[in-house]
Structure formats: C-alpha cells, structure tokens
S.K.: 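Let me give you the structure first, and then I'll get to my questions.
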Amino acid sequence: MSGPRVDLKVVMLGKEYVGKTSLVERYVHDRFLVGPYQNTIGAAFVAKVMSVGDRTVTLGIWDTAGSERYEAMSRIYYRGAKAAIVCYDLTDSNSFERAKFWVKELRSLEEGCQIYLCGTKSDLLEEDRRRRRVDFHDVQDYADNIKAQLFETSSKTGQSVDELFQKVAEDYVSVAAFQVMTGAPVCCTAHPTHLITCTHAGSTHRTPGHCWLCPTLEV
Ligand SMILES: Nc1nc2c(ncn2[C@@H]2O[C@H](COP(=O)(O)OP(=O)(O)OP(=O)(O)O)[C@@H](O)[C@H]2O)c(=O)[nH]1
C-alpha cells in the first residue's frame, strides 16, 4: 500500500457480551472464536492497516470492556477517538439502553468523534426473527437524530463487518480531505515521545494533544 498515511483511533463501546471483541476478531483476523465467553478486562488494542483510495489508513482499535465495573477506564480509552463503534445486541433491549448511555456521553465529552451504531449477532435473527428485541426502524430514527450511521452485523457469518470498518475509514479520510481544503488541523501522527506532529495547512509542527497509541498520555 502506498500514498499518504492516516492514523485513526477507533474505540469500541457497549454493554458486556454484546460482541465487541468478536467484531474486532472478525475484522482483523477474519475468524469467529467459539468456546467459553471471556470478558475483556480493561481494554485491548489492535492495529490494522487498510486502504481508502490512494491513502493508507492505520486503524488503531481500542476494544473496551463492557462491564460497568470498567466504565471509568472506558472513558480513558475513548479520549481522542475519531470514531466510536457503539455496539448493542439485537436480541437484548437492555444493551441498546446502554448504547444510548455511551452516545450521550460521547456527544457531550468527545465532540469530534463520529458515532457508528452497530447492532450485533444478526445471524441469530436469521435463525429466528422472533429473537429481535431492538427494532431496526426505531434505531434508524435514533441514528438520524444523533447523526450517526447504523449497521447490523454478524461476527459469526461476517455479515457487514468489513463494510462497517471500511465506512469508518472512508468517512475519516473524506473529513480529513475537507479539512485540508479549509485549512483546519488534519493529520496527526503519533511521535515516539508521545508528542503529536500536526500537519496544518501545509506546515508541520508539534502541538499538544493525545497520542492515539497511548490514550492516557496528554502532553
Ligand atoms: N451468534 C453470535 N454470537 C456472537 C456474535 N458475536 C459475539 N457472539 C458471542 O457473544 C458472546 C460475547 O462476545 P464478546 O465478543 O466476547 O463480547 P464483548 O462485547 O467483547 O464482551 P465484553 O468483553 O465483556 O465487553 C460470545 O459468546 C460470542 O461468541 C455474533 O455475531 N453471533
């Protein structure tokens, strides 16, 4: 892959057991792990390089723990994220309430973060439509209201998983292109010392900010 490099921090949020880790596993390793459920502790990080047109995009994905016990930690991980994939389980209405909680929080604390709502485990509905507990049209209305995009995915079959992450990257690249045109700060790459190099209107300078590799550090 060639072309200008773009780094994009993405955070996965949502109630425990909704399938955040499985979504990342399917996208990054194209696999679905069977076996006993293992909850995420704190958060896990994985990077995936992909392309959008002539751009090389490195997605730095933070998979947070859904358990409310780790709620305070999740806040650390979404700081500076440019995209949040807020997951809920299509067969669990409570998980959608929890998704709304995260949306509210992101909207008030992380304004620059684009939100993607993701209804998970769609394969379970293929097996039995009556298992759906979150209505598609209700969520679509909600998504329109909060200016989010909506996907329904299955990590088991892979349905719409690549499309979701591809859209996240494409949206970010087009926002960055718009910022180049308007002269707004655009492309921040992590510096080894955790300082941020910011390319702004053609000149490169170091500026305070968050390192997408290390969300806890502020300089
Ligand atoms: N049928 C089906 N099961 C899924 C799917 N995605 C996840 N699961 C199952 O749901 C359970 C929870 O999945 P995880 O990916 O660990 O959920 P999580 O949201 O990361 O959970 P926490 O780490 O606790 O926040 C596991 O038993 C998965 O196998 C899916 O698309 N279809």
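One-based numbering, in listed order, for ligands and for the atoms of each. In this chain, residues are counted from 1 in sequence order.
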S.K.: Go through the steps to decide whether Glu152 and Arg132 satisfy the test salt bridge (charged side-chain N to carboxylate O under 4.0 Å, His left out), and finish with yes or no.
M.R.: CA-CA 12 Å; Glu152 290 192 348; Arg132 183 184 275 276; 2.8 Å; yes

S.K.: Evaluate the salt bridge (charged side-chain N to carboxylate O under 4.0 Å, His left out) criterion for residues Arg107 and Glu110: first the C-alpha distance (whole Å), next the side-chain angles of each, then the deciding distance (0.1 Å), finally the verdict.
M.R.: CA-CA 6 Å; Arg107 277 285 168 266; Glu110 211 54 58; over 6 Å; no

S.K.: If you count every heavy atom of other residues, nucleotides or ligands that lies below 6.0 Å from Glu127 atom CD, does the total exceed 12?
M.R.: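 More than 12 heavy atoms, drawn from other residues, nucleotides or ligands, come within 6.0 Å of this atom.
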
S.K.: I'd like to know if the side chain of Lys15 and the backbone of Asn94 have a donor-acceptor N/O pair within less than 3.5 Å.
M.R.: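 Here the side-chain-to-backbone pair does not exist.
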
S.K.: Can you check whether Lys100 reaches Glu97 side chain to side chain, under 4.5 Å on heavy atoms?
M.R.: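 Side chain of Lys100 against side chain of Glu97, heavy atoms only: contact under 4.5 Å found.
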
S.K.: List, for ligand 1, each N/O atom that has a protein N/O partner under 3.5 Å away, with both atom names and the distance.
M.R.:
unit_1   : atom_1 : unit_2 : atom_2 : d
ligand 1 : 1 (N)  : Asp123 : OD2    : 2.9
ligand 1 : 10 (O) : Lys121 : NZ     : 3.1
ligand 1 : 15 (O) : Thr21  : N      : 3.4
ligand 1 : 15 (O) : Ser22  : N      : 2.8
ligand 1 : 15 (O) : Ser22  : OG     : 2.6
ligand 1 : 17 (O) : Gly19  : N      : 3.1
ligand 1 : 19 (O) : Val18  : N      : 3.3
ligand 1 : 19 (O) : Gly19  : N      : 2.9
ligand 1 : 19 (O) : Lys20  : N      : 2.9
ligand 1 : 19 (O) : Lys20  : NZ     : 2.8
ligand 1 : 20 (O) : Lys20  : N      : 3.4
ligand 1 : 20 (O) : Thr21  : N      : 2.9
ligand 1 : 20 (O) : Thr21  : OG1    : 2.8
ligand 1 : 21 (O) : Tyr17  : N      : 3.1
ligand 1 : 23 (O) : Thr40  : N      : 2.7
ligand 1 : 23 (O) : Thr40  : OG1    : 2.7
ligand 1 : 24 (O) : Tyr37  : OH     : 2.5
ligand 1 : 25 (O) : Lys20  : NZ     : 2.7
ligand 1 : 25 (O) : Gly66  : N      : 2.7
ligand 1 : 31 (O) : Asp123 : OD1    : 3.4
ligand 1 : 31 (O) : Ser155 : N      : 2.8
ligand 1 : 31 (O) : Lys156 : N      : 3.4
ligand 1 : 32 (N) : Asp123 : OD1    : 2.7

S.K.: Please tabulate, for side-chain N and O atoms in residues 115-122, each donor-acceptor pair with protein atoms closer than 3.5 Å (sequence neighbours left out).
M.R.:
unit_1 : atom_1 : unit_2 : atom_2 : d
Tyr116 : OH     : Asp171 : OD2    : 2.6
Thr120 : OG1    : Val18  : O      : 2.6
Thr120 : OG1    : Tyr88  : O      : 3.0
Lys121 : NZ     : Tyr17  : O      : 2.7
Lys121 : NZ     : Asp89  : OD2    : 3.2
Ser122 : OG     : Thr153 : O      : 3.2
Ser122 : OG     : Gln159 : OE1    : 2.9

